[in-house]
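Contents: one structure, followed by commentary.
FYI, side chains are in, hydrogens and waters are out, and symmetry mates aren't considered; it's all heavy atoms of this structure. The structure presented is a predicted model; accordingly, all values stated were derived computationally and were not measured.
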Amino acid sequence: MKIIGCDYHPSFQQIAMLDTETGEVTERRLYHGNGEAQRFYESLSGPVLVGVESSGNMLWFERLLARLKQELWIGDAAAIHWQNPRKQQLTDKRDAQHLLDLLVEKRFPRIWVPSVEERDLRQLLKHRHTLVQMRTRVKNQLQHIALNQGLQKKSKLWSREGQEWLKKLELAAWTQRRRDDLLQMLEDLDRQVKQMNREAEKAAAARKDAQLLMSHPGVGPILALATVLTLGDVSRFQCGRQVASYIGLVPTEMSSGQHRWLGSITKQGNSFMRFLLVQAGLSAARGDAELGRVYKRLVQKKHHGVAKVEVARKLLVRLYWMLRTQKQYPEVVRMQGSLSHPVAAAKADRLSGRPASRPEPQDQKPKKEKRKQQK
């Protein structure tokens, strides 16, 4: 068997290869442009294991190893660097050797990687998100032109009457050219976004897990599909807190002794997923009474930004348990992040008339009788 530690770069890769049969270690630099790397991996015989840090722009490399039936492990870049005891600045050769050592010693921090088809489906959501951002910038520029003419239409500017009013404005030559170009861009972007929405709805309808998540108020095909593609196999998470940490919706912590300090959220993970959860959290709070109470309480106590993030975290934990238990929204209404407490409760329990944080009432004696017994 051949074990390869690969320090991948866009134009080349530095490798350190160990042949377990002979014990020989080989170090080479393979360039991508001239096909040297492809010829090298094609020349290898027998089982091959390649370890590489997580990075972008290496889809062709993954497809090459998959075609050659060679195993590829992708590791957590931060965890790989933490395990390196050297304090000096690392070189490509040292990085490749470090990756090889982790593979040989079975300490390689392998991460879950979605399939090629799932990553291609992610591009649909990202492309739609990019188009929506471009459309927002175009709308902001058109609002600026309207404000300069003394009228503030706000959202009415995008109605049919507002568009006709905007087209009839008497403007200077270059301002008129800018308005006409922006209106044409807005029309094209609207058409493309609608097309992406239809494709996303088709993709969500083809996935049973996405349809399950859409039973929750405020969760549409975009968020449902993004959740399924981002979390993947939910059995790799033990509780909701791990899921929230995976997405980056847990607070940073600096604690020592009895002092505990919690800061803003870590923002480690998929930023696109956090954006969707925060946007959908407000809709979910309007459709679910429990999330609505959480939002109103934190708005009055702290800030609306903190309230939106908390609702987004609770919504994410709910979606996780819906996937794990394969139960729809009416059956799963309250989630706990601790393994020592039930993670799902029936709706009848929530309607029992007692707060969820209080235990079941037990046979308690009146206070007067207790005082008499103590005396």
Side-chain angles (χ1 to χ4, degrees), residues 1-123 228-238 242 245-246 268-270:
M1 181 178 183
K2 297 177 177 61
I3 304 177
I4 301 176
C6 175
D7 183 29
Y8 185 89
H9 296 269
S11 58
F12 70 93
Q13 57 181 269
Q14 181 72 35
I15 67 168
M17 182 178 66
L18 170 65
D19 192 335
T20 57
E21 296 180 359
T22 62
E24 180 183 2
V25 177
T26 305
E27 294 183 351
R28 288 187 59 179
R29 172 168 291 193
L30 306 174
Y31 291 92
H32 302 156
N34 56 7
E36 182 182 4
Q38 180 176 349
R39 291 192 297 270
F40 170 78
Y41 287 100
E42 291 175 345
S43 65
L44 299 178
S45 59
V48 177
L49 173 61
V50 181
V52 63
E53 290 183 6
S54 59
S55 62
N57 305 321
M58 64 174 183
L59 182 59
W60 70 272
F61 185 54
E62 298 179 40
R63 289 178 175 174
L64 171 64
L65 298 184
R67 179 173 60 86
L68 299 175
K69 297 182 179 180
Q70 298 173 358
E71 191 172 4
L72 174 65
W73 286 10
I74 300 179
D76 185 0
I80 289 174
H81 287 286
W82 289 339
Q83 296 186 64
N84 195 342
R86 301 183 69 97
K87 299 300 182 181
Q88 299 91 343
Q89 183 176 1
L90 297 179
T91 62
D92 296 336
K93 290 184 178 181
R94 290 178 180 175
D95 283 338
Q97 184 62 45
H98 178 53
L99 292 171
L100 178 60
D101 294 339
L102 294 178
L103 289 170
V104 173
E105 298 171 5
K106 298 182 180 180
R107 296 186 294 114
F108 189 81
R110 187 181 182 184
I111 61 175
W112 173 81
V113 179
S115 63
V116 177
E117 292 76 13
E118 290 176 335
R119 277 181 284 178
D120 184 63
L121 196 55
R122 284 184 179 185
Q123 297 300 318
V228 172
L229 296 176
T230 303
L231 298 184
D233 185 9
V234 295
S235 61
R236 59 198 180 101
F237 301 104
Q238 295 182 1
Q242 290 187 358
S245 177
Y246 181 73
Q268 293 179 341
N270 195 322

When rounded to the nearest 0.5 angstrom, what distance separates [atom1] in [X] from [atom2] in [Y]?
X	Y	atom1	atom2	result
S11	H32	OG	NE2	7.5 Å
H98	Q83	NE2	CD	6.0 Å
Q14	C6	CD	SG	9.0 Å
S54	D76	OG	CG	6.0 Å
N84	Q97	CG	CD	11.0 Å
Y246	W112	OH	CH2	6.0 Å

Fill in: For E21, all residues meeting salt bridge (charged side-chain N to carboxylate O under 4.0 Å, His left out), sequence neighbours excluded
none
Worksheet item: How would you list, by chain and number, every residue that makes a salt bridge (charged side-chain N to carboxylate O under 4.0 Å, His left out) with R236, sequence neighbours excluded?
Response: none
Fill in: Over all atoms of both residues, closest heavy-atom pair of A96 and G5
CB-O, 3.6 Å
Discussion item. For L30 versus F40, what's the shortest heavy-atom pair and its separation?
Written reply: CD1-CD2, 3.4 Å
Cut-off 3.5 Å, no hydrogens considered: what does the side-chain donor-acceptor table look like for residues 57-68, sequence neighbours left out?
residue, atom, partner, partner atom, Å
W60, NE1, Y8, OH, 2.9
E62, OE1, R119, NH1, 2.9
E62, OE1, R119, NH2, 2.7
E62, OE2, R119, NH1, 3.0
R67, NH2, E42, OE2, 3.2

Spell out, as yes or no, whether a donor-acceptor pair under 3.5 Å connects the side chain of [X] to the backbone of [Y].
X	Y	value
Q13	H9	no
R29	F12	no
R110	G51	no
E118	S115	yes

Side chains of [X] and [Y]: closer than 4.5 Å at any heavy-atom pair?
X	Y	value
I111	W73	no
T26	E24	yes
K2	L18	no
V48	M1	no
L99	V52	no
D7	I15	no
L102	P109	yes

Worksheet item: Should we count CH2 of W82 as having more than 12 external heavy atoms under 6.0 Å?
Response: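 No, CH2 of W82 has 12 or fewer neighbouring heavy atoms, counting only those of other groups under 6.0 Å.
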Discussion item. If the test is side chain to side chain contact (heavy atoms under 4.5 Å, CB included), which one of L49, L103, L44 qualifies with I4?
Written reply: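 Answer to the side chain to side chain contact (heavy atoms under 4.5 Å, CB included) test with I4 among L49, L103, L44: L44.
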